[in-house]
There are 2 protein chains.
Amino acid sequence: MATAKRAEASTQRRRRAPRGATAGAPPPRRPDLRRRRVMDAEIACAAEELFAQHGFHGVSIAEVAARVGISKQNLLYYFPTKEALYRRVLDGVLDEWLERLRGLADPDKDPASALREYIAAKLRYSRDRPSGSRVFATEIIAGLPFYAAELRERVVPALRAQVETLNRWVAAGRVEPIDAVHLMFIVWAATQTYADFSHQMALVLGKEALSAADFEAAEEVVARIVLRSIGLEAAPPGPTPAPRDR
Amino acid sequence: MATAKRAEASTQRRRRAPRGATAGAPPPRRPDLRRRRVMDAEIACAAEELFAQHGFHGVSIAEVAARVGISKQNLLYYFPTKEALYRRVLDGVLDEWLERLRGLADPDKDPASALREYIAAKLRYSRDRPSGSRVFATEIIAGLPFYAAELRERVVPALRAQVETLNRWVAAGRVEPIDAVHLMFIVWAATQTYADFSHQMALVLGKEALSAADFEAAEEVVARIVLRSIGLEAAPPGPTPAPRDR
DNA sequence: GTCTATAAGCGGATAGAC
DNA sequence: GTCTATCCGCTTATAGAC
């Protein structure tokens with residue numbers, strides 16, 4: 001999702017073919033569900049970026065509407081309240097997040113490669129969808145004013161499952177004993193930070209934005225840190241693979 | 001700072017001793033600098049908590065004033081604009097942060113204990129002043145809309161110095177080679193997260209808030225992860241010291 | 001579905017009396 | 001320093017025509 005397909009949809013928006021004269025088969029008269037879905041997604045996508053930058057209260061529905069190219073009243077036709085739009089954004093972020101991480105950290109897998117994959121997937125998410133990550137982060141930082149129930153129902157179980165997997169590996173002697181909850185807290189933080197704090201990172205690195213090479217380096221370091229901490233791997237093949245840009 | 005001395009200041013606020021009659025020595029007529037400083041601090045303290053919870057746009061100066069027990073117009077006497085108040089909050093957070101971390105990560109120190117101290121100090125900060133940490137985090141996540149210059153001038157050099165120290169340890173062969181920037185990114189994230197994401201953590205742990213024992217466990221795991229990643233330490237003395245509450 | 005019009009309230013900020 | 005009064009713009013949301 002994210003930035004895709006906005007342009008095409010926008011150009012075709014106002015006024016489809018006129019109805020009265022030339023149409024052979026009468027167009028279906030039920031509410032246009034497809035259009036509804038497209039508009040919902042497009043509005044949510046615009047809202048996601050704006051909420052990420054300015055926070056819930058820092059964005060007006062008029063601004064979202066303007067970015068999509070519709071009127072604010074029209075936006076209110078699709079989302080009855082600003083809060084509904086905000087929740088929809090969080091839902092979308094969460095859906096994709098759960099989808100991407102489904103099945104990773106399977107307790108039957110090899111711990112090292114399972115953890116590697118998990119870290120890679122989370123970093124990919126930070127890279128592909130920083131806005132979503134940021135909206136979620138600010139909601140959590142604010143103390144879950146809108147999304148506490150959903151987080152409890154959908155996120156916490158997923159996180160607990162990962163902790164549980166790690167604990168099973170410990171119990172089976174496949175990794176060294178460690179406080180699994182805190183290890184996972186750190187994994188989440190270390191991967192999330194590449195979305196949330198990338199502005200600060202860019203400033204430290206003296207560049208405009210993080211590059212692909214930065215994300216590769218991040219993946220290597222996070223994986224090394226985590227794996228070594230539970231006695232899984234000494235060091236990656238090459239000591240420090242040549243950075244491409246930076 | 002934070003929550004201290006609010007009560008006493010509030011009770012004595014309205015109307016000091018009347019001026020006309022009984023006073024022997026005429027009270028100094030210059031602007032009361034001491035009062036100014038106290039009020040500034042008190043307002044900033046209240047604002048810090050509110051900004052942390054609701055974000056810059058989610059807080060009205062009237063709400064801040066109400067929490068302090070003054071009128072909104074009176075608040076505007078001390079801070080001419082809402083933005084000035086917000087910057088003052090960030091300044092305060094940054095001042096204390098730099099103060100606490102000053103001198104840590106000295107390149108002449110033993111790397112292991114220097115890093116341990118650094119991690120402990122950052123975690124203590126997350127624990128003592130979560131609101132400040134959160135305000136800062138949301139400002140960064142939002143892309144530094146107000147505080148870019150200050151971050152560039154005061155924070156980035158401090159962060160770079162820490163990276164530099166780590167690099168010197170690598171060059172001197174005192175620690176194993178590693179991508180120092182990313183290691184530090186992870187250290188910042190792993191310590192910061194115990195302030196910013198503590199709500200989510202509490203939900204995962206099934207408790208109201210993080211306890212002292214949680215912070216001790218965090219310190220142990222973060223230190224272990226970081227030190228091991230550069231070949232500094234095998235494991236802490238006891239395998240898993242008995243948790244006190246949880 | 002999309003538009004115009006408008007309700008009803010809160011936001012930050014200023015002016016001036018005391 | 002603190003108060004009263006007030007300006008004005010922007011906000012979410014609704015009503016109803018087309």
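Naming: A, B, ... by sequence-line order, numbering from 1 per chain. We use all heavy atoms of the structure for the numbers below, so side chains are in, but hydrogens, waters and symmetry mates are not. This is a predicted model, so every value here is computed, not measured.
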TODO: Scan side-chain atoms only and decide if B:Asp196 and B:Thr193 contain a donor-acceptor pair under the 3.5 Å cut-off.
DONE: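 Absent: no donor and acceptor within the cut-off.
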Task: A:Gln192 and A:Tyr125: side chain donor to acceptor below 3.5 Å - done: no
Distance check needed: [N] [atom2] versus [X] [atom1], whole Å only.
X	N	atom1	atom2	value
B:Leu85	C:dA13	CG	P	10 Å
B:Tyr77	C:dA15	OH	C1'	16 Å
A:Arg35	C:dG1	CZ	C1'	7 Å
A:Asn74	C:dA5	CG	C1'	16 Å
B:His57	D:dC10	NE2	C1'	13 Å
B:Leu75	D:dG1	CG	P	15 Å

Open item on the list: Looking at A:Phe215, I'd like to know if the NZ or CZ of A:Arg127 sits under 6.0 Å from its six-membered ring centre while staying within 45 degrees of the ring's axis.
Closed with: yes
TODO: Would you kindly check if the NZ (Lys) or CZ (Arg) of B:Arg134 is within the cone defined by 45 degrees around the ring axis of B:Phe51 and under 6.0 Å from the six-membered ring centre?
DONE: no
What's touching nucleotides 13-18 of chain D from the protein side, N or O pairs under 3.5 Å?
unit_1	atom_1	unit_2	atom_2	d
D:dA13	OP2	A:Lys82	N	2.9

- [ ] Measure from the side-chain heavy atoms of B:Tyr78 and tell me the nearest of C:dT2, D:dT12, D:dG1.
- [x]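 Side chain of B:Tyr78 sits closest to D:dG1.
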Task: A:Glu139 side chain vs A:Phe146 backbone, donor-acceptor pair below 3.5 Å - done: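 Judged by distance alone, yes, a pair lies under 3.5 Å.
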Task: A:Lys82 side chain to A:Phe56 backbone, donor-acceptor under 3.5 Å - done: yes
Open item on the list: So A:Phe79, base contact, sugar-phosphate only, or nothing? Heavy-atom distance under 4.0 Å.
Closed with: nothing
Task: OP1 or OP2 of C:dT2 under 4.0 Å from side-chain N/O of A:Ser71 - done: no
